[in-house]
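Structure, as structure tokens:
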Protein chains: 2
Amino acid sequence: MAVTIRDVADATNVSPSTVSRVISDNPRISQKTKEKVRLAMKELGYHPNFIARSLVNQSTSVIGVVFPSSGDTAFQNPFFTEVLRAISEGAHDEKFGIQLTTGKTEEEILNDVVQMVQGKRVDGLILLYSRQDDPIIDYLLEQNIPFVLVGQPTSKPDHITYVDNDNCLAAKEGTEGLIHLNHKKIAFIGGVNGLMVTNKRLAGYKQALKEANIPIQEDYIIFDDFLIEGGKHAVEKLLALKELPTAVLVTDDLMAMGVMQSLNEEGLRIPEDVAILSFNNTIFSVLSNPPLSSVDIHIFDLGLEAISQLVKRIKNPEEPVSHSIIPYEIVIRSSC
Amino acid sequence: MAVTIRDVADATNVSPSTVSRVISDNPRISQKTKEKVRLAMKELGYHPNFIARSLVNQSTSVIGVVFPSSGDTAFQNPFFTEVLRAISEGAHDEKFGIQLTTGKTEEEILNDVVQMVQGKRVDGLILLYSRQDDPIIDYLLEQNIPFVLVGQPTSKPDHITYVDNDNCLAAKEGTEGLIHLNHKKIAFIGGVNGLMVTNKRLAGYKQALKEANIPIQEDYIIFDDFLIEGGKHAVEKLLALKELPTAVLVTDDLMAMGVMQSLNEEGLRIPEDVAILSFNNTIFSVLSNPPLSSVDIHIFDLGLEAISQLVKRIKNPEEPVSHSIIPYEIVIRSSC
DNA sequence: CTGAAAGCGCTAACAC
DNA sequence: GTGTTAGCGCTTTCAG
């Protein structure tokens, strides 16, 4: 059995409450007692039991991180690992632990979240995605537990603290860039339809075309998974059309890798035959051949801001809802 | 305040212990009572408090995952995200939660582990690396808490359950492959020196050379980080030599990417000028140009086996130490 | 400055 | 079958 506060108390002839006060460095305890107790703690190898503390404090100093329902594929995408890295770093600085959801289907994940929240395992959560009609958001709102969304909510924005880029503007600016390069036939390859980030970037793409008086062609708009395979499927669909686009806006580097591979297999040159502008500026954009032009959305900052907002809300439940917009920048390499 | 077992008891005119028994589906409770209580639980929105349960059970159903001290870089390397994915999947099936270390230095990580263990936050741990003189191993052994090592321990193997590949054999076989391709000048580019995986693969490399009567050339043996930069640094060192190797064994795909980049910049062709055999067979080996030949160490299986062993040991403390060796296979593409 | 006592929410003997 | 009681390890009034 582990050594408890009681053992320390007995060893030093003080009461458990005194030991507890020494742990929290309560100023009303004499220096002498503190030293005596601390010595005993060291000698006995005492270490506070967080579970017991959590039970009385009703807080665990652990935050939950919720992955999208394609969670098993998410680990492949540097976007998620990079936000996770930032969250991990921020959590460490704030002395919070992090726990991950492990479910793969939407239902399992909701279940994970309920376990975390009702089981009182976490003090707050960060959601790494935003999609339409997500019951998790409603649940969290209803439970009134602090949470931060990475991405823009589809509804009730006034009640939800989120951290995001201006994805609409980023996509618009990116598309305009392609237009300035004299492209008129520009395709859009986005992640799963229903994801807010996809919606927003699509909106920006359409705006840019509209303002340039380029008609929007629905079969140039394709949705698929944030994976290499997703990019490949998208190209297949484009190849089936009678007229290939001369440029594509791809909303994820990993997808862009798939797009490039498939184009290569068809003997199409990048950027001569098809120009590509991608998103996320991950390690893949540097490694690919040719190196990808990509919108750097500052993933790490997104994560850091999310954890910082969350901790703020955990510490002060009255903290008003806030919306942080992280700047982006377009990094031009050789793919457009 | 959340609804407790007491509230449910009051609402149904039974005692708290009865409610507790209903929760655990104790067979000695009458069907009628069970239904009555379950109905009340539903109506009141009762959900068990895991923290309270953990306190009395002395177990949390959470396992800790320990990242290497270069934790911030680990997230970049698909090896770690892939084991994590497997662990996540296994943990989910076993109804365990997972918590990650967040520290970046060795000291911080040891600290994280102590918090998890002494704070009774986790029932067991998985270490994602094995290096020489790791105080964490000693600590865990001393605390007598279940843990599983992914990799081979540097000492006390009889007391440590681990999951690994036969890295020595894999490297030997890989090197032999290069030798069969008529290479005599073969370099070894490994991860940080001191990591067990590096040692083992180096040993296999040396064995193969020895058996082929090829003298071992110390300046062909280079250690660096499991990162693109690591691979680049290694190439710099090789370029400084008077005689370039005609083949290299690189113990990680990400490093191999750096190696290839640097070789390309020097105008050296792969595999004509320098052949490459890499390790891990991650997404990078497929994406690179030319596609990398790589030793597939079955990362996912490594993770699954680790979590399965850990859970076994958590459920049965008497479970004897076990050593699992996961098979590997060499996947030949175009880099050698 | 320190101690006694209550209680966080739950489970597990031990009764009956 | 079900209730009573004690206790997991800690914090926090309330006394003194």
Side-chain angles (χ1 to χ4, degrees), chain A residues 1-38 40-41 44-62 114-123 143, chain B residues 1-38 40-41 44-62 114-123 143:
Chain A
M1 200 70 272
V3 23
T4 76
I5 223 172
R6 168 103 253 150
D7 300 322
V8 179
D10 289 349
T12 46
N13 286 316
V14 297
S15 73
S17 34
T18 300
V19 178
S20 174
R21 289 186 182 108
V22 173
I23 293 170
S24 55
D25 204 17
N26 188 314
R28 297 192 318 189
I29 300 291
S30 73
Q31 204 52 39
K32 212 163 58 175
T33 318
K34 279 188 183 171
E35 278 160 20
K36 184 175 64 174
V37 171
R38 288 200 180 115
M41 295 199 304
L44 297 175
Y46 170 79
H47 209 94
N49 181 321
F50 270 92
I51 297 296
R53 185 180 282 177
S54 296
L55 183 58
V56 26
N57 287 343
Q58 306 279 32
S59 92
T60 58
S61 291
V62 174
V114 173
Q115 296 283 329
M116 284 180 175
V117 175
Q118 310 254 36
K120 299 280 182 296
R121 289 177 186 276
V122 300
D123 292 344
Q143 293 292 322
Chain B
M1 201 69 277
V3 22
T4 76
I5 223 172
R6 167 103 254 151
D7 300 323
V8 179
D10 290 349
T12 46
N13 285 318
V14 298
S15 74
S17 39
T18 300
V19 178
S20 174
R21 290 186 182 107
V22 173
I23 293 170
S24 55
D25 204 19
N26 187 315
R28 299 193 316 192
I29 300 289
S30 74
Q31 205 52 41
K32 211 164 58 178
T33 322
K34 280 188 182 172
E35 277 160 19
K36 185 175 64 175
V37 172
R38 290 204 179 110
M41 294 198 306
L44 296 175
Y46 169 79
H47 208 93
N49 180 321
F50 270 92
I51 297 296
R53 185 180 281 178
S54 297
L55 185 57
V56 27
N57 286 342
Q58 306 279 34
S59 93
T60 57
S61 290
V62 173
V114 173
Q115 297 280 329
M116 284 181 174
V117 175
Q118 310 256 36
K120 299 278 180 297
R121 288 178 185 275
V122 300
D123 292 346
Q143 293 292 320

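Convention: sequence-line order gives letters A, B, ...; per-chain numbering from 1.
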Out of dT11(D), dC8(D), dT2(D), which has the shortest distance to the side chain of Q58(B)? dC8(D)

Just to be sure I understand the rule, does R53(A) reach a base, reach only the sugar-phosphate, or reach nothing, if contact means heavy atoms closer than 4.0 Å? sugar-phosphate

Side-chain contact check for I5(B): nearest option of dT11(C), dC10(D), dA5(C) is dT11(C)

From the options dT11(D), dC14(C), dC8(C), select the nucleotide whose nearest atom is closest to the side chain of I23(A). dT11(D)

What nucleotide among dG9(D), dG3(C), dG1(D) has an atom nearest to a side-chain atom of S15(A)? dG3(C)

The nucleotide from dG3(C), dG3(D), dG9(C) with an atom nearest the side chain of T18(B) is dG3(D)

Heavy atoms only, 4.0 Å cut-off, all strands: where does S54(A) land among base, sugar-phosphate and nothing? nothing

Compute the angle between the rotation axes at the two ends of the helix from dC1(C)-dG16(D) to dC16(C)-dG1(D), each taken over five pairs, rounded to 10 degrees. 40°

Looking across every strand, which nucleic acid part, if any, lies under 4.0 Å from Y46(A) by heavy atom: base, sugar-phosphate, or nothing? sugar-phosphate

Decide yes or no, distance alone: a donor-acceptor N/O pair under 3.5 angstrom between the base of dG7(D) and the side-chain of R6(A). no

Please classify the nucleic acid contact of S20(A) as base, sugar-phosphate, or nothing, using heavy-atom distances under 4.0 Å. base

Heavy atoms only, 4.0 Å cut-off, all strands: where does N13(A) land among base, sugar-phosphate and nothing? sugar-phosphate

Heavy atoms only, 4.0 Å cut-off, all strands: where does V14(B) land among base, sugar-phosphate and nothing? sugar-phosphate

